[in-house]
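Start at 1 and go down the list; that is how both ligands and their atoms are numbered.
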Amino acid sequence: MSGIDLHTHSTVSDGTDSPSELVANAAASGLDVIGLCDHDTIDGWDEALTAGEAAGVRVLRGIEMSCDLKGVSIHLLAYGTRAQDAELAAELARNRAGRSERVPTMLARLAEHGLPVPEEVLYRHVGDSPSVGRPHFADAMVELGYVADRRQAFDQWLADDQPIYVARYSTDLETALDLVRAAGGATVIAHPWGRSSRASLPTRYLASLVASRRLDGIEVDHNDHDDQTRAELRALATTAYALITGSSDYHGAGKQDHDLGCNTTSPEVLAELERRVHARGGLL
Ligand code: AMP
Ligand code: ZN
Ligand code: FE
Ligand code: FE
């Protein structure tokens, strides 16, 4: 039984546990290793690593990078990139700016739909996060009594095909793969066949990214994938020699059915990720 959960979020993006609380909850859940993969930011790394040392939980330096593939949103997990890499840092800053720039338009649309959200209510939920996301809007809508929970906020208003959705800048996927590797990191496509991204990431394309050594792994075990999808992705990853990861995508109270450790990754895959990161001059 391995306790390796490679994809979690804290309040530094849209999770509800601070990095320290996340580590404490990981320890309480019996996890040995967690990957902290906040959206488009590394600001939670230091606190989580310090808390991890005290709690006996190994914290991996991760990022969930917002990417674009021909107009479709794709999430890329980056592991072990150098914090000082200026090019990657600049690109993450562009993604965060894109997140902030859409806020006024989203607030205006909410008001047009009879759901006014005062800016200060939204920003109370954003808190210290440098990476404002739709879940913060959802939490503000819950507080104002417009919806019962994040799930309903997305289903009725915020999801990509719903009225409040506003597109934002995200890094071109292949540019992101190259930036992450140049920064010493390993690359794993997050939940590739969850929600709406499956059509954009067909088997042949994913296999070609692995064959060209730009992509290291595929997140197969994720709760946005049903059993059939996992079986198909596992077969693809095995044939393509991609590393297979599993993770919870834990967001604290913000995402139901994504409990810490609900999916895990093998020690062999973690060792291989670590080997590749070290070979590239990164730090996991
Ligand atoms: P954003 O970063 O603003 O694009 O929001 C994306 C985040 O919102 C994801 O990382 C998930 O945490 C959450 N999310 C996106 N789509 C949905 C959905 N349909 N239902 C629930 N949560 C979602
Ligand atoms: Zn999220
Ligand atoms: Fe994601
Ligand atoms: Fe995530």
Side-chain angles (χ1 to χ4, degrees), residues 5-19 22 25-26 34-45 48 59-69 72-79 92 95-96 98-100 102 106 125-142 149-151 153-155 158-160 165 168 170-171 173 176-177 180 187-198 200-201 215 217-225 229 233 245-265:
D5 184 341
L6 284 187
H7 175 176
T8 66
H9 294 266
S10 76
T11 48
V12 173
S13 63
D14 56 7
T16 60
D17 291 356
S18 69
L22 168 65
N25 283 327
I34 58 167
L36 176 61
C37 297
D38 278 313
H39 298 282
D40 298 312
T41 175
I42 66 169
D43 286 7
W45 287 2
V59 176
L60 305 178
R61 296 168 179 82
I63 310 166
E64 184 168 21
M65 204 170 166
S66 305
C67 297
D68 173 86
L69 179 62
V72 175
S73 167
I74 307 288
H75 288 177
L76 178 66
L77 299 168
Y79 293 103
L92 294 175
N95 279 343
R96 292 194 302 271
R99 291 172 169 280
S100 300
R102 72 177 169 170
M106 290 179 69
H125 290 281
V126 175
D128 293 336
S129 170
S131 185
V132 51
R134 284 175 284 169
H136 299 124
F137 283 83
D139 291 347
M141 293 167 78
V142 172
D149 52 23
R150 282 189 182 184
R151 162 104 273 135
F154 271 90
D155 289 350
L158 300 170
D160 295 22
Y165 177 73
R168 62 181 163 87
S170 299
T171 313
L173 176 64
L177 290 171
V180 168
T187 54
V188 174
I189 298 258
H191 45 73
W193 287 355
R195 299 215 180 94
S196 54
S197 59
R198 180 163 186 165
S200 304
L201 295 168
L215 180 62
I218 296 177
E219 190 179 56
V220 170
D221 291 306
H222 184 284
N223 285 358
D224 287 356
H225 297 149
T229 303
L233 261 181
T245 73
S247 31
S248 63
D249 203 358
Y250 174 76
H251 281 67
K255 214 173 197 175
Q256 285 119 43
D257 307 320
H258 288 258
D259 292 336
L260 279 168
C262 65
N263 299 296
T264 56
T265 297

Around the Zn ion (ligand 2), list the protein N/O/S atoms within a radius below 2.8 Å, excluding water molecules. Asp14 OD1, Asp14 OD2, His39 NE2, His251 NE2
With the threshold set at 4.0 Å, does a side-chain nitrogen-carboxylate oxygen contact exist between Arg198 and Asp224? no
Checking Asp38 side chain against Ser10 main chain: does a donor-acceptor pair fall under 3.5 Å? yes
Do Ser66 and Asp40 get their side chains close enough for a donor-acceptor pair, meaning under 3.5 Å? yes
Would a 4.5 Å heavy-atom cut-off, applied to side chains only, mark Asp249 and His9 as touching? yes
Ignoring waters, protein N/O/S atoms under 2.8 Å from the Fe ion (ligand 4) are His7 NE2, His9 NE2, Glu64 OE1, Asp249 OD1
Under the rule for salt bridge (Lys or Arg N to Asp or Glu O under 4.0 Å), what residues qualify as partners of Asp14, not counting sequence neighbours? none
Taking Asp17 for the side chain and Asn25 for the main chain, is one N or O donor matched with an acceptor at less than 3.5 Å? no
Please report the shortest heavy-atom distance between Leu158 and Arg134, naming the atom on each side. O-NH1, 2.9 Å
Qualifying residues under side chain to side chain donor-acceptor pair (under 3.5 Å), relative to Ser247, sequence neighbours excluded: Glu219
Can you say whether the rings of His222 and His7 are parallel (under 30°), tilted (30 to 60°) or perpendicular (over 60°)? tilted
